[in-house]
Asks: 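Mind having a look at this structure? Questions to follow.
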Amino acid sequence: MTASDPIHTPERTATGGHLLVQHRVVFSLGSNLGDRLNNIQEAVDALFDAPGLTFVALSPVYETAPYAPPGVSIPEQGDFLNIVLVADTRLPPENLLERVLNIENSMQRVREVRWGPRTLDIDIVVFGNVTMDDPDLTLPHPRAHERAFVLVPWADIEPDVLLPGHGRVGDLAEARQAESGVRRRDDLTLQPPA
């Protein structure tokens with residue numbers, strides 16, 4: 001090591017010195033109330049307003065019919081706009097979940113009806129190779145492999161990534177797209193975070 005070599009100091013948690021590894025995090029964002037595109041743009045901007053996330057990629061915008069599991073009836077509602085956002089972070093997943101919930105709450109996300117309409121929905125789909133089974137956060141997202149509105153936009157930017165336990169994102173998207181009614185909206189664009 002020479003005097004000109006950079007010194008890398010490991011980041012540590014506030015609770016006692018564990019090395020915080022950088023993870024690739026994938027978010028799914030959707031809106032079907034109000035100005036849907038603006039809602040998603042505000043959420044993208046808000047995710048990066050605080051430190052801790054480094055932008056990697058933003059999918060094109062897709063429009064999809066409201067989702068519900070087979071056999072579940074849902075309230076009548078408009079179509080969603082959906083995107084996938086990829087970032088790198090050294091934050092713990094719990095901190096990201098808190099940020100996501102704060103953003104949803106600030107945009108009047110209401111959780112009265114399951115599978116109901118919403119101004120904003122943000123899911124953490126994967127957080128590196130981390131697995132969690134917590135009542136507040138399950139990683140990877142337990143139903144991401146079933147959802148074309150997650151898989152199809154994600155495959156546009158990371159088709160070769162593996163969704164743990166389910167396979168290559170591009171293959172999963174291809175299998176789901178035919179049955180999904182997911183439509184790419186090239187007339188709608190979002191700005192990456194500044």
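This is a predicted model, so every value here is computed, not measured.
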Asks: For the pair Val126 and Leu139, evaluate side-chain contact (heavy atoms from CB on, under 4.5 Å) and give the outcome as yes or no after the intermediate values.
Replies: CA-CA 6 Å; Val126 295; Leu139 292 170; 5.9 Å; no
Asks: Below 4.5 Å, heavy atoms only, C-beta onward: do Leu188 and Leu81 meet side chain to side chain?
Replies: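 The answer is yes; the side chains approach within 4.5 Å.
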Asks: Out of curiosity, Glu42 CD to Leu190 CG, how far, rounded to the nearest 0.5 Å?
Replies: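 Here the rounded value is 11.5 Å.
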Asks: Taking side-chain contact (heavy atoms from CB on, under 4.5 Å) as the criterion, tell me which of Val84, Val182, Asn82 meets it with Val152.
Replies: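 By the side-chain contact (heavy atoms from CB on, under 4.5 Å) criterion, Val152 pairs with just one of Val84, Val182, Asn82: Val182.
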Asks: Please enumerate all residues that pass ring pair (Phe, Tyr, Trp, His ring centres under 6.0 Å) together with Phe149, with sequence neighbours excluded.
Replies: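 Expected list: Tyr67.
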Asks: For Val150 and Ser28, work out which heavy atoms get closest and say how close.
Replies: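 Closest approach of Val150 to Ser28, heavy atoms only: CG2-OG, 3.5 Å.
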Asks: Give me the atom names and distance for the closest heavy-atom approach of Gly78 to Asn32.
Replies: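 Closest heavy-atom pair between Gly78 and Asn32: O-ND2, 2.9 Å.
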Asks: Does any part of the side chain of Pro159, heavy atoms only, come nearer than 4.5 Å to the side chain of Val169, both counted from C-beta?
Replies: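 Counting from C-beta outward, Val169 and Pro159 never come under 4.5 Å.
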Asks: In chain order, what residues pass the side chain to side chain contact (heavy atoms under 4.5 Å, CB included) check against Ser31, with sequence neighbours excluded?
Replies: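 With sequence neighbours excluded, Ser31 shows a side chain to side chain contact (heavy atoms under 4.5 Å, CB included) to Arg36, Asn39, Ile40, given in chain and number order.
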Asks: Would you say the side chain of Leu91 lies within less than 4.5 Å of the side chain of Gln22, judging by non-hydrogen atoms?
Replies: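 They are not in contact (no side-chain heavy atoms under 4.5 Å apart), so the answer is no.
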Asks: Any side chain to side chain donor-acceptor pair (under 3.5 Å) involving residues 152-163? Give me the pairs, sequence neighbours left out, ordered by first then second residue.
Replies: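 Side chain to side chain donor-acceptor pair (under 3.5 Å) check on residues 152-163 returns Arg24-Glu158, Tyr62-Asp156, Trp154-Glu158, Asp156-Arg184, Asp160-Arg168.
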Asks: For Asp136, which residues count as a salt bridge (charged side-chain N to carboxylate O under 4.0 Å, His left out) partner, sequence neighbours excluded?
Replies: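 Salt bridge (charged side-chain N to carboxylate O under 4.0 Å, His left out) list for Asp136, sorted by chain: empty.
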Asks: Heavy atoms only: give me the nearest Ala148-Pro153 pair and the separation to one decimal.
Replies: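 Closest approach of Ala148 to Pro153, heavy atoms only: O-CD, 3.5 Å.
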Asks: So, using ring pair (Phe, Tyr, Trp, His ring centres under 6.0 Å) as the criterion, who are the partners of His23 when residues are at least two apart?
Replies: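 His23: ring pair (Phe, Tyr, Trp, His ring centres under 6.0 Å) contacts with Phe127.
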Asks: List in chain and number order the residues that pass side-chain hydrogen bond (donor to acceptor under 3.5 Å, both in side chains) with Asp49, two or more places apart in sequence or in another chain; answer none if no residue qualifies.
Replies: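 In terms of side-chain hydrogen bond (donor to acceptor under 3.5 Å, both in side chains), with neighbours along the sequence ignored, Asp49 is linked to no residue.
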